[in-house]
Participant: 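Below you will find the structure I want to go over with you.
Order of listing sets the numbers, starting from 1, for every ligand and every atom in it.
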Amino acid sequence: MSQDFDAVKISEHVYWVGAIDWDIRDFHGYSTLRGSTYNAYLIVADDVILIDTVKRPFKDELLARVASVVDPKKVRYIISNHSEPDHSSSLPEVIDYVKPEKVFASKLGLKDLEGYYGKDGIDTVSDAQSMQLGGVNLTFLETKMIHWPDSMMTYLADDKLLFSQDGFGMHLATSERFADEIPEATRDEENAKYFANILLPYKQLIVKLLDRVKALGIDIQIIAPDHGPIYRKDLDKPIDQYYKWCAQKPTKKAVITFDTMWGSTEIMARAIEGGLESEGIDVIVLPLKSSERSIVVTEVLEAGALLVGSPTLNNGIFPTVADVLTYMRGLKPRNLVGSAFGSYGWSGEGARQVNDYLTQMKIDLVGDPLNLSFRPDSDGIEQCRQLGVLTGRKLKEVIQSGS
Ligand code: FEO
């Protein structure tokens with residue numbers, strides 16, 4: 001086994017023993033432009049406990065980091081907080097290698113691990129269950145749907161440390177292990193991107209979880225997620241960011257995203273942009289020829305308006321526009337006003353199908369889709385500008401009403 005990988009001590013009893021994936025650029029459809037990490041942790045007390053594992057190709061890196069602290073065969077317990085394969089796909093081989101006395105997961109985690117790997121013999125733990133294990137005190141908190149039904153977090157009372165699995169994670173490969181060692185702008189950007197692309201559909205559950213942890217009065221000094229850096233300072237900041245993103249309070253920011261075949265829908269987008277700007281709205285335009293879907297949803301996270309344009313191709317919506325709308329619909333952004341628009345030659349289904357998506361997404365529509373044939377003339381351009389003006393006014397009304 002390679003010994004090139006060292007563990008990093010992060011608290012009295014805990015070492016980071018995860019893996020750095022400098023290579024990954026697509027995480028189930030989310031562009032991870034700065035790579036990622038799969039964090040696993042080792043508690044070294046009377047016994048040795050491994051918290052989560054890593055993606056299968058990184059199993060040797062995990063075991064090498066463990067070996068830099070202790071013989072991996074001394075791992076007596078493994079706790080699987082989350083069964084998604086980025087954290088569990090090396091688990092069967094790690095179990096076979098270290099032969100732990102017990103492996104713990106939530107009840108749904110057990111089901112997932114059986115389903116994925118046919119693994120039996122896993123012990124289950126319940127929500128709010130506390131136990132003394134290997135000389136430390138652990139409490140398990142079920143966090144269903146953050147990010148999967150099986151998910152749970154584990155609190156290590158001895159070190160005031162929360163193993164938060166996907167919660168408070170970000171896709172960021174770095175040689176630094178702590179958030180305070182990373183430039184704030186990079187952290188904020190990747191944190192928002194991760195929230196928008198992974199956690200946004202579960203915002204109500206996240207608020208409940210944050211409120212619950214507050215009510216329990218658990219003293220947390222370190223948050224150790226399964227992706228990206230570890231928080232050991234200023235924990236209020238990521239917590240407050242989560243509250244803000246869960247609320248999705250509309251701001252004076254509009255996102256226009258579109259694709260275009262022969263430039264007409266682009267002309268419409270730019271005229272709408274002008275109308276919005278004339279109302280004092282900050283506008284970001286994301287042409288889908290150059291803007292990847294996870295960037296679009298990240299920009300929408302703190303926006304108050306979303307305007308989407310599609311030409312009509314073969315009696316339907318343009319494929320790139322369908323892609324981004326299908327992705328965004330699943331992520332359930334809320335509290336947005338918006339409009340559909342597009343250019344067509346003969347039939348005009350593109351903008352109408354965009355409108356259907358926006359309706360399903362519960363977007364407060366300014367009016368019917370703006371559908372213009374062929375190339376917009378000066379009257380058409382003025383209609384686009386007016387659509388921007390009306391959307392901007394509606395957004396300001398919504399903000400003023402405090403809804
Ligand atoms: Fe990082 Fe939901 O897995």
Participant: Between E114 and K111, is the salt bridge (charged side-chain N to carboxylate O under 4.0 Å, His left out) condition met? List the steps.
Facilitator: CA-CA 5 Å; E114 282 176 346; K111 216 171 140 195; over 6 Å; no
Participant: Atom NZ of residue position K144 - does it have more than 12 heavy atoms of other residues, nucleotides or ligands inside 6.0 Å?
Facilitator: no
Participant: Treating E181 as the side-chain partner and F178 as the backbone partner, does any N or O pair qualify as donor plus acceptor under 3.5 Å?
Facilitator: yes
Participant: First locate atom OH of Y30, then atom OG of S36, and finally report the distance between them rounded to the nearest 0.5 Å.
Facilitator: 8.0 Å
Participant: If you look at every heavy atom in V321 and G309, which pair is closest and at what distance?
Facilitator: CG2-O, 3.6 Å
Participant: With sequence neighbours excluded, tell me which residues meet salt bridge (Lys or Arg N to Asp or Glu O under 4.0 Å) with E382.
Facilitator: none
Participant: Sort by chain and number the protein N/O/S atoms found under 2.8 Å from atom 1 (Fe) of ligand 1.
Facilitator: D86 OD2, H87 NE2, D166 OD1, H227 NE2
